[in-house]
Student: 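Provided herewith is a single structure, encoded as structure tokens, for subsequent inquiry.
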Amino acid sequence: MKTFSARKLCFSLSLATLLAIPAAALDNGLGKTPPMGWNSWNKFGCNVSEKLIRETADAMVTSGMKDAGYRYVVIDDCWQVKRDGNGVIVADPERFPSGIKSLADYVHSKGLLFGIYSDAGAKTCAGRPGSRGHEYQDAITYAAWGVDYLKYDWCNAERQDSLESYSLMSKALKDAGRPILFSLCEWGSTKPWLWAKDVGNIWRSTGDIVPKWDGKEKWGGNGVVQILDLLDGLEPYAGPGHFNDPDMLEVGNGNLTPDENRAHFAMWAMLAAPLIAGNDLRSMDPATKAILTDKEVLAIDQDPLGKQASRVVKDGKKEVWARVLVGGNRAVALLNRDATPQSITVKWEDLGYPAHLSAQLRDVSQHKDLGSKTGSFTATVPSHAVVLVTVKP
Ligand code: GLA
């Protein structure tokens with residue numbers, strides 16, 4: 001059994017503290033906790049329209065997602081069709097007949113924030129016009145439309161320098177004068193965690209997620225556990241205003257089982273990940289809604305320290321992930337990647353606590369206090385599931 005124990009947790013935590021010195025960070029005041037919202041791509045791909053976005057904004061309010069903290073409604077690729085004679089980006093007139101400004105106004109009227117998508121190359125991944133050579137023009141257009149969030153992709157940009165390209169758009173957004181959360185999407189290909197803190201608020205750390213528990217697609221799509229493996233080790237780089245992004249949520253999509261949906265959401269909260277729902281909010285079932293709006297899980301994701309969990313135990317398919325919360329508390333996820341139920345133990349030393357410590361445990365998944373425990377905690381975790389607890393000394 002491989003136990004990284006307190007050493008790894010403490011090392012990464014102190015490094016995170018060092019790296020979280022705000023002076024060097026992007027100074028747009030946004031993303032102090034991981035952004036929460038919805039994005040069209042995972043469920044709808046190119047099938048976007050103003051009707052979908054309006055109905056989604058309505059559903060975000062009526063479903064309780066807004067009350068739970070979700071704010072951004074983001075249109076991904078395929079809203080744009082061409083540039084006009086002056087080079088100004090043009091939205092698809094059939095799908096967005098009222099125009100993007102009016103759509104942003106509608107989203108704002110619901111007390112929500114509005115996001116859009118572009119690409120650092122000349123074309124987006126779906127072959128629509130990208131921002132290459134139009135960075136300032138696009139930033140000014142977005143600011144005039146009332147855009148609050150920009151996801152900036154990396155297709156057709158192979159010959160560009162990522163730091164240079166993302167810095168250019170970052171500066172263009174800043175100079176346009178409207179606070180716009182900047183979401184970098186170069187899939188981790190040039191290790192953005194090493195350079196993007198001063199450039200954007202969040203950066204994709206992996207290729208695209210697919211609605212699967214375990215498995216990799218030939219084109220590079222990743223299941224939930226593949227993404228977890230890719231995030232292990234990146235915890236020193238996350239902090240208020242600058243987070244690793246393990247991609248948008250697939251909760252409620254594909255064939256994820258109820259336990260897998262819960263585990264996926266719990267692990268994204270442990271990772272201090274942006275929580276960008278990717279399902280159809282207009283028709284989600286009560287189980288999906290309950291997962292996405294679980295206030296105790298959301299409180300872990302939104303903990304003001306912004307510390308991403310470390311994998312502190314890896315014992316075959318049994319894992320323990322832990323993160324520090326305000327007040328010296330810990331959130332702990334016992335993760336079972338196996339096909340059968342497993343007994344998983346976390347020792348206090350794995351959490352950077354002394355073994356003799358007596359601490360209060362709360363089962364976050366069950367919303368139940370478990371009383372006081374000394375030295376360790378063991379639970380039987382169902383297959384492809386997480387038992388999520390908080391530990392308070
Ligand atoms: C890339 C991104 C996805 C999505 C699509 C849109 O694959 O990683 O999240 O934005 O492009 O074409």
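In each ligand, atom 1 is the first atom listed, and ligand 1 is the first ligand listed.
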Student: Hey, are Arg311 and Asp350 close enough for a salt bridge, meaning a charged N less than 4.0 Å from a carboxylate O?
Tutor: no

Student: Which of the numbered atoms in ligand 1 are under 4.0 angstrom from any heavy atom belonging to Trp187?
Tutor: 2 (C), 8 (O)

Student: For ligand 1, which atoms sit closer than 4.0 Å to a heavy atom of Cys185?
Tutor: 2 (C), 8 (O)

Student: Under the salt bridge (charged side-chain N to carboxylate O under 4.0 Å, His left out) rule, collect the residues that match up with Glu55, sequence neighbours excluded.
Tutor: Lys51, Arg282

Student: Using heavy-atom distances only, which candidate in Asp119, Asp247, Asp76, Asp77 approaches atom 4 (C) of ligand 1 most closely?
Tutor: Asp76

Student: Decide yes or no for Asp208 and Trp219: does some side-chain heavy atom of the first lie under 4.5 Å from some side-chain heavy atom of the second?
Tutor: yes

Student: Counting non-hydrogen protein atoms only, what is the nearest one to atom 5 (C) of ligand 1? Give residue, atom name and distance.
Tutor: Trp41 CE2, 3.6 Å

Student: In terms of residue, atom name and distance, what is the protein heavy atom nearest to atom 3 (C) of ligand 1?
Tutor: Asp208 OD2, 3.5 Å

Student: Compute the centroid of each ring, for Trp348 and then for Phe377, and state whether the two points are separated by less than 6.0 Å.
Tutor: no

Student: Decide, yes or no, whether a salt bridge links Lys307 with Glu235 under the criterion of side-chain N to carboxylate O below 4.0 Å.
Tutor: no

Student: Can you tell me which residue and heavy atom of the protein come closest to atom 2 (C) of ligand 1, and the distance to 0.1 Å?
Tutor: Asp153 OD2, 3.3 Å

Student: In terms of side-chain geometry, is the basic nitrogen of Asp369 or Arg362 positioned less than 4.0 Å from the acidic oxygen of its partner?
Tutor: yes

Student: Considering the heavy atoms of Arg204, write down every atom of ligand 1 situated less than 4.0 Å from one of them.
Tutor: 8 (O), 9 (O)

Student: Give me the nearest non-hydrogen protein atom to atom 9 (O) of ligand 1 as residue plus atom name, then the distance to 0.1 Å.
Tutor: Lys151 NZ, 2.7 Å

Student: Answer with yes or no whether Trp154 contacts ligand 1, where contact means a heavy atom under 4.0 Å from a ligand atom.
Tutor: no

Student: Return yes if some donor-acceptor pair links the side-chain N/O of Arg71 with the main-chain N/O of Leu112 below 3.5 Å, else return no.
Tutor: no

Student: Which of the atoms in ligand 1, numbered in the order shown and given with their element, are less than 4.0 Å from a heavy-atom of Cys125?
Tutor: 1 (C), 11 (O), 12 (O)

